[in-house]
Protein chains: 2
Amino acid sequence: MDAPVRHLDQVKLGQLGHSVGFLLRLAQLRAFDDFFSENGPQGLKPGEFSVLWVIARNPGIRQSVLGQRLMIKRAHMTKLIRTMEDAGFVSRRIPDRDRRAVELTLTPAGEHQVEKAAVLFFDYEQSTGAPLDDREQAVLVALLKKYVGLQGEAQG
Amino acid sequence: MDAPVRHLDQVKLGQLGHSVGFLLRLAQLRAFDDFFSENGPQGLKPGEFSVLWVIARNPGIRQSVLGQRLMIKRAHMTKLIRTMEDAGFVSRRIPDRDRRAVELTLTPAGEHQVEKAAVLFFDYEQSTGAPLDDREQAVLVALLKKYVGLQGEAQG
DNA sequence: CGAATTTTGTTTACAAGGAAACAATCCGCA
DNA sequence: TGCGGATTGTTTCCTTGTAAACAAAATTCG
């Protein structure tokens, strides 16, 4: 116990190894890495996919509501939407009732893109060597939903 | 079902609401927000704390090993360590056996800072209105550990 | 009505983090 | 010994995301 730590599994984490916040960060990085090793860097990035996916299920959704649900800040959402608009995937509409707002819908190209990407996005989660079996993964999902307050939401 | 979605809990997430990757992102943001609403923006940031904490428990740890364990990329670790060094919390030492490497230890000021911050960091997780009870939180932690491959590691 | 406040989105400036190229050192092996 | 490759850390550049100030429209409430 005298030589400096030089190997990964000698590192002592103490309480940190039991910290929800720390483990969440590691887990997210892992999920991210898994995703990118499956689906190369081509195609939609996770954030872009989630935006298109939610617009597809909620046509005409307001930009602010979309941002709140996905926890994307307004400043960032502006850039994200502009990128998707430039790519020809979403169209913006200013409603008459509230001319500050922006209502979002997918273009046909956007619809097509989401369909294609959805297969990759939702398949990799199961197929990839996720170290959890189905039961464990279900429990994890349930706990995370409760943690983030996503319980009785409309999900259809 | 005709008017555009304008309220948060009307938003339909579909499969996305059951996605581990998506939920992990939301959860991490929530944990982050919780932390910053408890402990103001003063003091150590989460990344800085984790670095100091691990150095405290593993004096002389190499910068590369620290980065691997905390999943911090080398380029970023360089900046983090420099910041901590400038703050007077960390000292760097080039060992003779391998003059590429850097061995890290805390200064007395660094030790003191970690002690002080640890209270905040580990207390907020329990105390804050975490929507999970103790049992649920324990299960969540266990599942996350398994997910990230943090099982038999030394944690003392 | 009409001034103060709030909401919505954009812009601008910045911080956090990652990718790639680089320099220095060490290791393997003929 | 010495050359090729791997490791370690740094630098530079770029992407992602945030904070703050702003503009325009809507809302509140006297």
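Residue numbers begin at 1 in each chain, while the letters A, B, ... track the order of the sequences. Owing to the predicted nature of the structure, the values given are computational and were not obtained by experimental measurement.
Atom CG of B:Leu8 and atom C1' of C:dT8 are 16 Å apart (whole Å). Here D:dG17 presents its P atom at 14 Å from CE of A:Met71, a figure rounded to the nearest Å. Atom CG of A:Leu44 and atom P of D:dT15 are 17 Å apart (whole Å). Between A:Glu103 atom CD and C:dG9 atom C1' there is a gap of 14 Å when expressed in whole angstrom units. When the C1' atom of C:dA19 is taken as reference, atom CZ of A:Phe32 falls 13 Å away, rounded to whole Å. Between the P atom of C:dG9 and the CD1 atom of A:Ile72 lies a distance of 13 Å, rounded to the nearest Å. Residue A:Arg62 contributes atom CZ, which lies 13 Å from atom P of C:dT7 at whole-angstrom precision. Here the P atom of nucleotide C:dT8 and the CD1 atom of A:Ile81 are 15 Å apart, to the nearest Å.
In terms of heavy-atom proximity, B:Arg62 sits nearest to B:Asp98 at NH1-OD2, 3.7 Å. In terms of heavy-atom proximity, A:Ile94 sits nearest to A:Arg99 at CG2-O, 3.5 Å. The minimum heavy-atom distance between B:Trp53 and B:Ala118, with the atom names listed, is CZ3-CB, 3.8 Å.
Nearer to the 5' terminus of DNA chain C, by closest-nucleotide assignment, is the contact made by A:Arg92 (compared with the other of B:His76 and A:Arg92). When the nearest nucleotides of DNA chain D are assigned to A:Pro95 and B:Met77 by heavy-atom distance, the more 5′-ward of the two goes with B:Met77. Map B:Glu48 and A:Val65 each onto its nearest nucleotide of DNA chain C; the residue landing nearer the 5' end is A:Val65.
Side-chain atoms of A:Arg100 come within donor-acceptor range of the base of C:dT7, with a qualifying N/O pair under 3.5 Å. At a cut-off of 3.5 angstrom, the base of D:dT18 holds at least one donor-acceptor pair with the side chain of A:Lys79. At a cut-off of 3.5 angstrom, the base of C:dG9 holds no donor-acceptor pair with the side chain of A:Lys73.
The nucleotide whose nearest atom lies closest to any side-chain atom of A:Lys45 is, among C:dG9, C:dT25, D:dT15, D:dT15. Comparing D:dT8, C:dC26, C:dG9 against the side chain of B:Arg99 picks out C:dC26 as the nearest.
Inter-residue side-chain proximity for A:Val11 and B:Val54 is flagged as met; some heavy-atom pair is nearer than 4.5 Å.
Ring centers of B:Phe122 and A:Phe22: at least 6.0 Å apart, outside the cut-off.
Within 4.0 Å (heavy atoms only), A:Arg74 reaches at least one base atom of the nucleic acid. Using a 4.0 Å heavy-atom criterion, one finds that B:Ala75 contacts the bases of the nucleic acid, with or without backbone contacts as well. Within 4.0 Å of B:Ser64, counting heavy atoms only, lie sugar-phosphate atoms of the nucleic acid but no base atom.
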